[in-house]
Peer 1: 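Got a structure here, written out as structure tokens. Questions coming.
The chain is numbered in sequence order, starting from 1. What you see is a predicted model, and the numbers here were worked out from it, not measured in a lab.
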Amino acid sequence: MTARIIDGKVIAAELRARVAEEVARVKREHQVTPGLAVVLVGNDPASEVYVRSKHTQTQAAGMASFEHKLPADVAQANLLALIEKLNRDPTVHGILVQLPLPKSLHTETIINAIDPAKDVDGLHPNNAGRLAGGFAALSPCTPLGCIILTKSVHASLEGMNAIVIGRSNLVGRPLVQLLLNENATVTIAHSRSKDLPQLCARADLVYAAVGKPEMVRAGWIKPGATVIDVGINRLPIADGKTRLVGDIAFKEVSEVAGAITPVPGGVGQMTVACLLVNTLRAACALHGLPKPAV
Ligand SMILES: Nc1nc(=O)c2c([nH]1)NC[C@@H]1CN(c3ccc(C(=O)N[C@@H](CCC(=O)O)C(=O)O)cc3)C=[N+]21
């Protein structure tokens, strides 16, 4: 069998187009322009690429984009002061602080300072707790993207066996909660799990979010399963260049799986599109408008 390729580029473009329509409507009917502020500390080249693409796509959707670049040695008090300013700024509806932060900064303190109503990353404990409790919340973008990609294959996830490999705050844990909300049966696996290949073999839905290049092998996968690759690993190739690979051994797994996401062109594309969705939702909520259609 050869797996169907789940095209994140196409699905993300469709989602962005729907966001752009809703942004145009909210501007026209309510004179509100959703605005996203992205804070980048330091100059990690990979982070700069993501921030650039967030900026371009935010503007393309008709939203306001505010970029704040701070030096790697910024004092924590200054970063907190910027977040306070963005919390109070009525033109800003979403705040994203690009992670990871330099070691000199205390990530938890920084995230906790973001107004939960503007926390479009869904990382504030208020949102994480609401999601875990099954209440309405701003949810992290990458997990939201994973669910949308899965639903492009399966209309309903009810009763399906899902395995999430990885338990990070940014991806694994919130993805588990979203899958539970879809009535899937969820196994949470991680670096200390025993018999990972056997755990995977039962799964109809496999999510790999560990950051280990091509860790998940063909022999682990139930024939016909849907496989979603959240990994973004840069492997060095010739003359200082790098190649992007996921956490799934794509070539061999695509011969067993029913459907699979590529890297690049899969989950990464959805992450930025879902950030736009969250910014639109936050803007509507902050202005007391009805929930948008996306
Ligand atoms: N507070 C915070 N929130 C995040 O959501 C967040 C973050 N920090 N730090 C870094 C990670 C990573 N991330 C990606 C976004 C887009 C692509 C993406 O568009 N990837 C393209 C390819 C990009 C390339 O070629 O490098 C693709 O997969 O097709 C990937 C990864 C968001 N993250």
Side-chain angles (χ1 to χ4, degrees), residues 16 19 22-23 26-27 32-44 47-72 74-102 104-131 136-145 168-171 174 270-289 291-292 294:
R16 292 199 304 270
V19 170
E22 281 293 280
V23 168
V26 168
K27 280 171 147 176
V32 170
T33 301
L36 172 67
V38 173
V39 180
L40 176 61
V41 182
N43 44 15
D44 172 55
S47 290
E48 282 186 340
V49 172
Y50 300 140
V51 168
R52 190 111 296 274
S53 105
K54 283 166 189 167
H55 182 66
T56 315
Q57 296 187 22
T58 305
Q59 288 191 328
M63 305 200 225
S65 171
F66 310 97
E67 253 185 57
H68 295 271
K69 290 195 180 178
L70 300 174
V74 66
Q76 177 150 314
N78 291 353
L79 176 54
L80 289 171
L82 171 62
I83 292 172
E84 271 315 310
K85 201 178 91 181
L86 297 171
N87 283 344
R88 285 192 306 267
D89 186 338
T91 66
V92 171
H93 306 100
I95 302 171
L96 179 145
V97 178
Q98 183 77 14
L99 301 176
L101 288 167
S104 55
L105 297 169
H106 192 245
T107 303
E108 198 182 331
T109 303
I110 305 298
I111 298 297
N112 287 358
I114 298 171
D115 179 349
K118 298 189 177 186
D119 169 38
V120 283
D121 249 342
L123 293 179
H124 190 285
N126 193 320
N127 282 314
R130 292 180 65 87
L131 178 62
L138 283 166
S139 308
C141 303
T142 301
L144 278 176
S168 70
N169 289 342
L170 195 58
V171 182
M270 297 302 293
T271 299
V272 185
C274 288
L275 181 62
L276 306 183
V277 171
N278 275 350
T279 303
L280 171 65
R281 288 179 180 167
C284 290
L286 283 160
H287 286 273
L289 306 177
K291 284 207 179 93
V294 282

Peer 1: Between the main-chain N or O of H124 and the side-chain N or O of D119, is there a donor-acceptor pair closer than 3.5 Å?
Peer 2: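 Here the side-chain-to-backbone pair exists.
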
Peer 1: Where do N127 and P116 come nearest, in terms of heavy atoms and distance?
Peer 2: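 That would be ND2-O, 3.0 Å.
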
Peer 1: Supply the atom-to-atom distance I114 CD1 to L80 CG, rounded to the nearest 0.5 angstrom.
Peer 2: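 Here the rounded value is 10.0 Å.
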
Peer 1: How close do V120 and G94 get, counting heavy atoms only, and between which atoms?
Peer 2: CG1-CA, 3.7 Å

Peer 1: Tell me if a side-chain donor or acceptor on N278 pairs with a main-chain N or O of P140 at a distance below 3.5 Å.
Peer 2: no

Peer 1: Using every non-hydrogen atom in the two residues, find where A113 and E84 come nearest and quote the distance to one decimal.
Peer 2: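 Taking every non-hydrogen atom into account, O-OE2, 4.0 Å.
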
Peer 1: Mind listing the closest non-hydrogen atom pair of A117 and A282 along with its distance?
Peer 2: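 Minimum heavy-atom separation between A117 and A282: O-CB, 3.6 Å.
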
Peer 1: Would you compute the distance between atom CG of L70 and atom CG of L79 and round it to the nearest 0.5 angstrom?
Peer 2: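 Interatomic distance, L70 CG to L79 CG, rounded to 0.5 Å: 6.0 Å.
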
Peer 1: Mark yes or no for whether K54, through its side chain, and L96, through its backbone, hold a donor-acceptor pair below 3.5 Å.
Peer 2: no

Peer 1: Evaluate the side chain to side chain contact (heavy atoms under 4.5 Å, CB included) criterion for residues L101 and I110: first the C-alpha distance (whole Å), next the side-chain angles of each, then the deciding distance (0.1 Å), finally the verdict.
Peer 2: CA-CA 9 Å; L101 288 167; I110 305 298; 3.9 Å; yes

Peer 1: Rounded to the nearest 0.5 Å, what separates atom CG in L138 from atom OG1 in T279?
Peer 2: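 If we round to the nearest 0.5 Å, L138:CG and T279:OG1 are 9.0 Å apart.
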
Peer 1: Measure the CD1-CZ distance between I83 and R88 for me, rounded to the nearest 0.5 Å.
Peer 2: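 The CD1 atom of I83 sits 12.0 Å away from the CZ atom of R88.
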
Peer 1: With rounding to the nearest 0.5 angstrom, report the CG to CD distance, L275 to Q57.
Peer 2: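 Atom-to-atom, L275:CG and Q57:CD are 9.0 Å apart.
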
Peer 1: If only atom types and distance count, is the side chain of R281 paired as donor or acceptor with the main-chain N or O of V294 below 3.5 Å?
Peer 2: yes

Peer 1: Output yes when a side-chain donor or acceptor of D44 lies under 3.5 Å from a complementary backbone atom of P100, and no otherwise.
Peer 2: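 Pair absent, no side-chain N/O of D44 close to backbone of P100.
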
Peer 1: Just so I know, are the side chains of T33 and T91 near enough to count as touching, which here means a heavy-atom distance under 4.5 Å?
Peer 2: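 Side chain of T33 against side chain of T91, heavy atoms only: no contact under 4.5 Å found.
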
Peer 1: Within a radius of less than 6.0 Å around NZ of K27, do more than 12 heavy atoms belonging to other residues, nucleotides or ligands occur?
Peer 2: yes

Peer 1: Are the side chains of K118 and L86 in contact, using a 4.5 Å heavy-atom criterion?
Peer 2: no

Peer 1: Is a side-chain N or O of D121 found less than 3.5 angstrom from the main chain of C141, in a donor-acceptor match?
Peer 2: no

Peer 1: Please find the pair of heavy atoms, one from E48 and one from L40, that lie closest to each other, and give the distance.
Peer 2: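 Result for this residue pair: CG-CD2, 3.6 Å.
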
Peer 1: Quick one: closest heavy-atom pair of S104 and A72, and the distance?
Peer 2: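 Between these two residues, the closest heavy atoms are OG-O, 4.2 Å.
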
Peer 1: For S65, is there any backbone N or O sitting under 3.5 Å from a side-chain donor or acceptor partner on Q59?
Peer 2: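 Answer holds: no.
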
Peer 1: Picking from V23, V26, L36, what satisfies side chain to side chain contact (heavy atoms under 4.5 Å, CB included) with M63?
Peer 2: V23

Peer 1: For the pair D115 (side chain) and N87 (backbone), establish whether a donor and an acceptor sit closer than 3.5 Å, ignoring hydrogens and angles.
Peer 2: no

Peer 1: Going from OH on Y50 to OG1 on T271, what distance comes out if it is rounded to the nearest 0.5 angstrom?
Peer 2: 9.0 Å

